[in-house]
Number of protein chains: 2
Amino acid sequence: MVRQSLKPDKAPIDGSGLDISLGNRCSRTALAWARKTYQARSGRLGVPLLRSDSLFANLMDFGPFQLAMTTDGIGTKAEVAERTGIFNTLGFDLVAMVADDLASTGVEPVNLTNVLDVSHLDHPTVDQLMRGLHDAALQAGISVVGGEIAELGSRVGGWGPGMHFNWSATVIGLVPPDHAAITGESITPGDHVVALRSDGFRSNGFSLARRILRAQLGDTWHDQPFSESSTWGQELLTPSRLYTPLLNTLIRRDQPIHGVVHVTGGGMADNLSRTLAATALGAVLDQLHPPHPAMLELQAMGGISEQQAYLLWNMGNGMLLVVPSSSSARLCQLARQLGYDALVAGRVVRHPRITIHSKGRQPGRLVYSPTSGW
Amino acid sequence: MVRQSLKPDKAPIDGSGLDISLGNRCSRTALAWARKTYQARSGRLGVPLLRSDSLFANLMDFGPFQLAMTTDGIGTKAEVAERTGIFNTLGFDLVAMVADDLASTGVEPVNLTNVLDVSHLDHPTVDQLMRGLHDAALQAGISVVGGEIAELGSRVGGWGPGMHFNWSATVIGLVPPDHAAITGESITPGDHVVALRSDGFRSNGFSLARRILRAQLGDTWHDQPFSESSTWGQELLTPSRLYTPLLNTLIRRDQPIHGVVHVTGGGMADNLSRTLAATALGAVLDQLHPPHPAMLELQAMGGISEQQAYLLWNMGNGMLLVVPSSSSARLCQLARQLGYDALVAGRVVRHPRITIHSKGRQPGRLVYSPTSGW
């Protein structure tokens with residue numbers, strides 16, 4: 001997936017077959033047109049605020065409130081549901097993509113609408129999808145206030161004979177009263193980087209994962225055993241953990257947070273570098289959570305380099321919190337009490353370079369420069 | 001397109017090949033799950049307000065503000081752009097679908113995000129789409145604050161060898177300070193129904209239109225002449241007129257408006273009946289704008305009944321305003337000054353039945369009952 005926001009250019013092809021530089025060009029064009037519309041709200045409620053070039057969630061000034069709004073979809077993870085016939089967990093992926101993005105800017109997600117594009121309708125499938133959306137929304141403290149189911153026939157493709165679908169959502173939220181948006185501007189050298197464990201692939205990196213599995217295990221790769229108790233399909237479908245409830249709690253309890261990185265498309269280093277951009281600082285991450293076994297196996301099966309793996313997959317770390325070193329222990333403890341696996345994974349350094357001590361198949365030191373990439 | 005909101009059941013098949021009763025069932029299920037999430041905001045900012053079963057745009061209580069949020073897409077009109085190679089007008093259709101829906105509840109649309117699902121990226125096409133979105137957003141007074149371009153490969157289908165895409169958007173807005181949402185509750189017998197002319201098909205009824213054209217003119221129907229100066233493709237692509245600027249102005253000038261009907265999927269009678277539901281009143285529409293020539297030709301080519309044509313196409317009337325009879329003349333005058341073709345098309349009556357004096361191929365009297373349909 002390519003966001004309509006500025007990203008540093010990367011290698012032309014990302015290994016999953018997508019042309020990232022073309023994606024970046026399209027995103028920049030979309031953003032350029034969008035920016036020309038900011039004037040439409042000039043001097044009125046809803047005028048876009050600050051840093052729209054580097055933050056996913058755009059903040060808008062509504063007088064007594066700052067609101068934010070973001071939009072995203074589950075991408076090709078939908079195919080894994082079509083293959084496994086399990087539809088009641090994708091709601092967690094959908095809510096995670098949008099709500100966790102908002103929450104990572106210090107915004108409390110509040111309301112959500114969704115668009116379900118379908119080839120044709122299947123009531124039980126729709127029921128399961130919406131049940132999952134309901135479950136995830138409740139967990140994230142969000143009300144679902146609208147939606148659209150669009151029957152688009154052959155404009156929507158997918159796997160197998162069932163209902164094919166693409167699913168996206170938009171969430172709005174607000175900066176809690178007496179709090180400020182989290183912009184990364186207060187990050188200082190010596191800050192700790194706390195990593196929150198992911199439960200699996202979330203909604204990123206599926207193009208590459210599916211390409212490897214198809215090449216190695218054939219078209220019905222989803223039915224092949226991954227472990228004694230699960231198939232590859234079930235493993236890849238692992239629902240996204242929602243970080244929004246944790247962030248809401250940390251902010252409510254006035255835990256100091258200088259920056260938050262939602263590890264999505266573009267990978268940990270790219271996402272972290274954008275959070276660090278405001279201060280031109282760097283980071284060393286030498287104690288990250290290890291990758292999930294499925295990621296290690298896919299890496300081996302596909303001959304995927306450490307660099308590529310950390311570019312396309314979350315490698316076990318779904319979110320990073322940049323916090324004062326004095327409060328990181330307390331924050332990790334709080335997170336664990338709330339059921340999140342959290343550890344101090346590294347620290348902020350003066351040199352604007354990100355060093356990752358990778359824990360994939362060939363553990364090593366990956367160095368990322370915000371100006372030139374890996 | 002099927003909204004995730006309650007609609008009276010209609011005939012099982014709508015003539016365009018879509019199963020409307022299945023669509024309604026799926027919508028009801030989605031809405032039922034969504035409603036169970038309202039509790040997530042109970043006692044907090046963003047709690048959903050009133051009439052979410054019958055209004056498209058859900059209102060949320062944000063303390064000093066009432067905000068609203070709605071989501072929709074351009075459906076299969078995208079195919080007409082793929083066929084004609086004209087991509088810079090669909091933005092008007094996209095903004096019209098979401099902004100005019102919000103505006104019809106008395107809400108001023110403020111910010112918009114969009115999701116563009118593509119088979120693969122084509123930069124010039126993305127550029128033209130986003131240029132159109134920019135043009136439409138400026139005209140509607142909206143800032144585009146976010147977006148997502150998702151490369152989904154074969155999950156997105158379309159016509160021809162170019163970039164295929166499905167496009168949706170979400171818009172948020174607010175009830176202007178010192179104003180109330182327009183709910184239809186103040187509608188009284190004798191109120192006038194002012195009809196605003198459409199410029200063409202907007203984004204509804206394309207499945208049927210395309211089916212007729214393919215059957216009559218073959219697969220390259222879009223290249224066939226419609227008039228001396230235009231093809232069928234160009235005619236069907238006619239961009240949607242935006243009613244939002246007019247509604248914003250009318251509300252700002254304190255013109256009394258009791259109800260607004262955005263004529264979209266489900267047709268004029270169905271949409272009007274939902275606006276009248278709060279009062280259990282009816283309406284007689286005996287002076288509507290005539291259908292566009294393309295609608296009349298398609299009606300003849302496809303042997304489409306008056307009833308079906310008024311169910312699936314806007315038949316020349318894109319929006320209805322229910323206003324006090326004493327102010328309708330002034331309102332029409334104001335609308336015309338602002339470039340909108342407006343006329344008093346009918347009046348509200350006591351009997352909860354909608355009578356349309358149709359102006360299609362076989363002009364006649366169509367009677368619609370909110371409990372039993374046509």
Side-chain angles (χ1 to χ4, degrees), chain A residues 1-4 18 22-23 25-27 29-30 33-34 36-38 40-41 45-46 48 58 60 62 64 69-73 75-76 110-111 113 115 117 121 123 126-127 130-131 133-134 137-138 141-152 154-158 166 168 170 172 174, chain B residues 1-4 18 22-23 25-27 29-30 33-34 36-38 40-41 45-46 48 58 60 64-65 69-73 75-76 110-111 113 115 117 121 123 126-127 130-131 133-134 137-138 141-152 154-158 166 168 170 172 174:
Chain A
M1 271 174 282
V2 178
R3 291 191 174 271
Q4 291 173 22
L18 302 179
L22 175 58
R25 203 145 57 90
C26 289
S27 296
T29 295
W33 283 115
K36 290 178 201 278
T37 67
Y38 290 1
R41 301 304 308 171
L45 292 176
N58 273 292
M60 293 92 68
F62 276 80
M69 182 175 189
T70 196
T71 202
D72 207 344
T76 59
V110 169
N111 300 117
T113 58
V115 176
D117 286 345
L121 287 165
H123 184 264
V126 171
D127 182 49
M130 295 301 161
R131 171 193 300 269
L133 178 60
H134 157 272
L138 279 190
I142 293 171
S143 292
V144 178
V145 295
E148 167 75 11
I149 305 176
E151 288 180 70
L152 299 179
S154 60
R155 301 192 67 80
V156 177
N166 293 315
S168 64
T170 302
I172 66 169
L174 75 167
Chain B
M1 271 175 283
V2 176
R3 289 190 177 274
Q4 291 172 20
L18 301 181
L22 175 58
R25 203 145 56 90
C26 289
S27 296
T29 295
W33 282 115
K36 289 177 200 281
T37 67
Y38 290 1
R41 301 304 308 171
L45 292 176
N58 272 293
M60 292 91 68
F65 298 122
M69 183 175 189
T70 197
T71 201
D72 207 345
T76 59
V110 169
N111 300 117
T113 59
V115 175
D117 286 345
L121 287 165
H123 185 263
V126 171
D127 181 51
M130 295 301 160
R131 172 193 299 269
L133 178 61
H134 159 271
L138 279 189
I142 292 170
S143 291
V144 178
V145 295
E148 167 74 12
I149 305 176
E151 289 181 69
L152 300 179
S154 61
R155 301 192 67 80
V156 176
N166 294 315
S168 63
T170 301
I172 65 168
L174 75 167

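Note: hydrogens, waters and symmetry copies are ignored here, and every other heavy atom, side chains too, is used. Throughout, protein chains are lettered first and strands after them, A, B, ... in sequence-line order, and every chain is numbered starting at 1.
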Tightest non-hydrogen contact, residues B:G46 and A:V110, listed as CA-CG1, 3.5 Å
### Task
Kindly give the heavy-atom pair with the smallest separation between A:R155 and B:G158, and that separation in Å.
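Nearest pair, atom of A:R155 first, then B:G158: NH1-CA, 3.6 Å.
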Need one label for [X]: side chain, backbone, both or neither, based on atoms under 4.5 Å from any heavy atom in chain A.
X: B:L174; answer: side chain
X: B:I142; answer: backbone
X: B:S154; answer: backbone

- Determine, stepwise, if the pair B:T113 / A:T70 fulfils side-chain contact (heavy atoms from CB on, under 4.5 Å). CA-CA 7 Å; B:T113 59; A:T70 196; over 6 Å; no
Most heavy-atom pairs under 4.5 Å with chain A, out of B:T29, B:I172, B:N111, belong to B:N111
Item checked: Residue among A:D117, A:N166, A:L45, A:V156 with most heavy-atom pairs under 4.5 Å to chain B ->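 Looking at each option in turn, the highest pair count goes to A:N166.
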Counting heavy-atom pairs under 4.5 angstrom with chain B, the leader among A:A40, A:S168, A:P64 is A:A40
| request: Drop me the distance from B:H123's NE2 to A:R25's CZ, to the nearest 0.5 angstrom. | output: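 Between atom NE2 of B:H123 and atom CZ of A:R25 there are 5.0 Å.
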Aromatic rings B:F65 and A:F62: how do their planes relate, parallel, tilted or perpendicular, breaks at 30° and 60°?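 Perpendicular.
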